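Below: the structure, in structure tokens.
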Amino acid sequence: MLMLEIGKSGSAMPAVLVAANMSGTTPLATEAALSLASRIVADPKMQEGHTWYILPLGNPDAFARYFQKPLYLDPANDTPFNDDTDELTDEDGYNDLNGDGIITQMRVKAHDGTWIPVEGEPRLMRKADPVKGEKGIYKIYTEGIDDDGDGKYNEDAPGGTDVNINFPHLFKSFGKRSGLYPGSTPEVNALIRFAFKHPELAMVISFGKTNFLLSPPQGGRQGSYDAENIRIPEEIGKQMGLDVSRRYKMSEIIEMVQPMMPPGMTADESMIASFLGLGAVVNPMKEDLDFYNEISSSYKEYLKNKGITAERFDPAQPEDGSFELWAYYHLGLPVFTMDLWGVPKPKEEKKDGSGITVEALEKMSSSEFLELGEEKITAFLKERGAPEQYNAKMAMTMVRNGQVSPAQMAGMIKQMPAPKSDGKKGDPKETALLAFLDGHTPGEGFVGWKPFTHPTLGEVEIGGFVPFADNTPPAAMADSLLDLHLPYIAELVSRLPVLQLAEVKATDKGDGVFEIEAWVANSSYLPWPTAMGKRNKAPAPAILILEGEDIKILSGYRRTPVNAVGGMKAEKFSWLVVAPKRASVTLKLESSQAGRDTKRINIGG
């Protein structure tokens with residue numbers, strides 16, 4: 001793993017960590033990291049005030065497969081691992097049966113098959129629906145043979161651990177490709193050690209499979225605690241007037257807390273779990289989601305101004321144990337991700353309907369939402385596949401009573417499963433991908449089904465999508481995509497918190513006693529630290545250091561921690577000191593993540 005460091009040698013400036021292609025399966029991500037490094041070197045403004053650590057490739061073993069024959073996509077590194085827990089290791093890998101240099105799929109007709117061709121597009125397959133009287137025709141396998149004779153195909157390929165699910169946060173023990181334990185791979189271990197050795201890290205940017213700029217981090221994860229058997233901490237119980245000797249259900253606590261909430265806020269399980277310190281935090285903090293959503297809106301506006309109006313399929317959400325989740329939850333840093341390209345949605349003919357999009361809902365005021373009327377809202381909820389019990393009347397009542405805002409409703413709808421199609425058109429993303437490939441690289445991204453005599457399965461057909469086709473655009477598009485997205489990185493970095501001594505003054509209180517007051521201001525948009533960082537105390541506090549000869553501190557400390565300063569806000573600090581006339585005092589502000597500042601004042605004239 002190679003890392004580039006760009007900045008002034010020996011400086012102690014806030015740093016940005018850029019990590020790309022942690023899964024090893026997104027080639028454009030590595031290109032983006034290298035291109036970003038070139039742009040930083042060529043632009044002195046991007047070097048001002050920051051150090052850059054750029055890791056262009058977090059999973060070299062998996063990435064190497066992109067350049068090997070046969071071509072196949074597998075995020076595992078090369079560490080041997082017994083995936084199928086038999087007596088052998090790495091014994092059942094992929095086989096290029098038809099010799100085309102690509103590992104695709106095999107479909108074989110079988111009485112117990114579960115797949116059928118998509119109507120009108122027999123190249124694509126979909127699951128048969130027995131409820132609708134459909135009978136499966138085919139079974140589908142990855143191209144290869146059953147090397148170890150256990151009835152499974154390619155289930156123990158060479159290699160073992162997916163680097164991007166080996167990080168500590170939400171690590172899945174005994175999961176497929178997750179590794180022996182968190183940080184068990186040398187790649188993850190090295191990156192974790194690097195991060196904790198560099199407290200100056202102030203922001204993380206990741207190029208890979210997710211895109212927090214288009215699709216901010218989502219909540220809704222269930223915590224690792226018993227929601228039916230919760231004990232209230234004594235201190236909190238006294239404040240709320242609760243019986244701390246008994247145990248409560250989560251639903252009971254929410255019911256008790258809701259009347260205490262400010263207008264417009266709703267108590268939910270994530271909020272209560274965080275407040276009571278129940279288990280690990282598994283959902284983003286609300287205050288952080290506020291800035292994620294605002295920056296997402298800014299990014300979408302940026303793309304719009306660049307002429308990008310075509311819709312694309314939503315990017316993936318981060319997997320458990322991923323780098324981006326670990327960086328946010330454990331390091332407490334603002335984390336932004338880009339996937340740089342996604343399958344474009346085909347243009348659809350306009351149909352009668354609500355005419356409402358989730359994006360439009362996010363920007364509506366409560367009054368604008370209510371003006372839509374019950375009929376339009378009903379149509380919209382139906383289009384989005386909302387549960388029947390969540391109807392227009394309920395939604396309008398909640399908005400009218402201030403229980404939820406249109407933006408919060410849009411966030412909930414985004415987390416709902418995608419609306420089901422009629423079941424006969426196949427997977428919408430596969431359909432769109434095939435149309436894109438036919439239009440841009442005909443004959444390259446999809447291998448047509450052709451017969452082959454398999455040594456054990458008999459007559460099969462080999463074909464399907466070429467590996468990497470769904471996440472890697474044609475090479476001719478790469479430069480224009482990087483030119484489109486990478487300039488926004490400078491905008492992100494410009495929002496990093498910057499702490500300064502906005503004002504320092506001394507007031508004579510008489511008898512040689514002086515009050516020193518200082519305002520520590522954060523002149524940037526992002527808070528310092530994030531709400532997650534504030535909760536888990538991951539970043540070290542900034543320090544105010546009061547220095548001066550012949551002074552005695554009556555109130556306050558020579559070293560005072562500054563634990564948090566919100567974006568575009570300031571915090572006041574004060575000291576009482578005894579000092580001779582015409583003394584001078586120096587106040588230093590030191591933060592490895594948010595900068596340094598010094599003020600010198602004369603006291604007593």
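Because the structure is predicted, anything quoted here is derived from the model rather than measured. Each residue takes its place number in the sequence, starting with 1.
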For the side chain of [X] and the backbone of [Y], is there at least one donor-acceptor N/O pair under 3.5 Å apart?
X      : Y      : answer
Ser322 : Ile165 : no
Thr357 : Ala360 : yes
Asn164 : Ser23  : no
Ser296 : Asn293 : no
Tyr94  : Thr142 : no
Asn59  : Asp162 : no
Asn471 : Thr25  : yes
Glu444 : Thr441 : no
Trp449 : Arg123 : yes

Exercise: identify the closest heavy-atom pair between [X] and [Y]:
X      : Y      : result
Glu143 : Ile102 : OE1-O, 3.0 Å
Glu324 : Phe212 : CG-CZ, 4.2 Å
Ala33  : Ile54  : O-CG2, 3.8 Å
Leu325 : Asp320 : CD1-CA, 4.3 Å
Ala195 : Trp326 : CB-CH2, 3.7 Å
His485 : Met338 : O-CE, 3.5 Å

If you measure only the distance, is there a donor-acceptor pair under 3.5 Å linking the side chains of Thr210 and Gln317?
no
Check whether the side chains of Asn77 and Thr185 place a donor and an acceptor atom closer than 3.5 Å, and report yes or no.
no
Is [X] salt-bridged to [Y], cutoff N-O under 4.0 Å?
X      : Y      : result
Lys209 : Glu319 : yes
Glu134 : Lys132 : no
Glu155 : Lys176 : no
Asp112 : Lys139 : yes
Arg312 : Asp339 : yes

Quick note, ring-ring contact (aromatic ring centres under 6.0 Å, His included) partners involving residues 107-142, not counting sequence neighbours, are Tyr141-Tyr153
Is the shortest heavy-atom distance from the side chain of [X] to the side chain of [Y] under 4.5 Å?
X      : Y      : value
Tyr72  : Asn154 : no
Val466 : Val447 : yes
Phe452 : Met106 : no
Val335 : Phe323 : no
Pro455 : Ile145 : yes
Leu55  : Val18  : no
Leu124 : Thr431 : yes
Lys127 : Ile116 : no

Other residues, nucleotides and ligands only: do more than 12 of their heavy atoms fall within 6.0 Å of [atom1] on [X]?
X      : atom1 : value
Lys172 : NZ    : no
Glu459 : CD    : yes
Lys135 : NZ    : yes
Lys300 : NZ    : yes

What do the steps show when you test Ser184 against Asn166 for side chain to side chain donor-acceptor pair (under 3.5 Å), and what is the final call?
CA-CA 7 Å; Ser184 62; Asn166 187 240; 3.2 Å; yes
CA sep, side-chain torsions, deciding dist, call: Leu484, Leu303, side chain to side chain contact (heavy atoms under 4.5 Å, CB included):
CA-CA 8 Å; Leu484 169 66; Leu303 294 179; 4.1 Å; yes
[X] side, atom [atom1]; [Y] side, atom [atom2] - distance, nearest 0.5 Å:
X      : Y      : atom1 : atom2 : value
Asn391 : Lys382 : CG    : NZ    : 13.5 Å
Asp438 : Leu434 : CG    : CG    : 4.5 Å
Met285 : Leu289 : CE    : CG    : 9.5 Å
Met1   : Leu191 : CE    : CG    : 5.5 Å
Met532 : Leu333 : CE    : CG    : 12.0 Å
Leu482 : Ser35  : CG    : OG    : 5.0 Å

Should the ring pair [X] and [Y] be called parallel, tilted or perpendicular, given that the plane angle runs from 0 to 90° and is split at 30 and 60?
X      : Y      : result
Phe446 : Phe465 : perpendicular
Tyr292 : Tyr328 : perpendicular
Tyr302 : Tyr488 : tilted

Name all residues meeting the salt bridge (Lys or Arg N to Asp or Glu O under 4.0 Å) criterion together with Asp74; count only those two or more places apart in sequence or in a different chain, and write none if there are none.
Arg177
Test side chain to side chain donor-acceptor pair (under 3.5 Å) applied to Asn211 and Thr337, step by step:
CA-CA 5 Å; Asn211 195 326; Thr337 67; 5.1 Å; no
Could you go through the side chain to side chain contact (heavy atoms under 4.5 Å, CB included) check for Leu492 and Ile295 one step at a time?
CA-CA 8 Å; Leu492 286 176; Ile295 290 177; 3.8 Å; yes
Walk me through whether Asp483 and Lys306 qualify under salt bridge (charged side-chain N to carboxylate O under 4.0 Å, His left out).
CA-CA 11 Å; Asp483 289 342; Lys306 292 286 186 178; over 6 Å; no
Between Asn21 and Thr26, does the side chain to side chain donor-acceptor pair (under 3.5 Å) criterion hold? Intermediate values first, please.
CA-CA 6 Å; Asn21 206 357; Thr26 52; 2.9 Å; yes
Walk me through whether Tyr66 and Thr472 qualify under side chain to side chain contact (heavy atoms under 4.5 Å, CB included).
CA-CA 11 Å; Tyr66 184 69; Thr472 305; 4.0 Å; yes
Carefully, step by step, assess Leu73 and Arg65 under the rule side chain to side chain contact (heavy atoms under 4.5 Å, CB included).
CA-CA 7 Å; Leu73 188 153; Arg65 299 186 184 107; over 6 Å; no
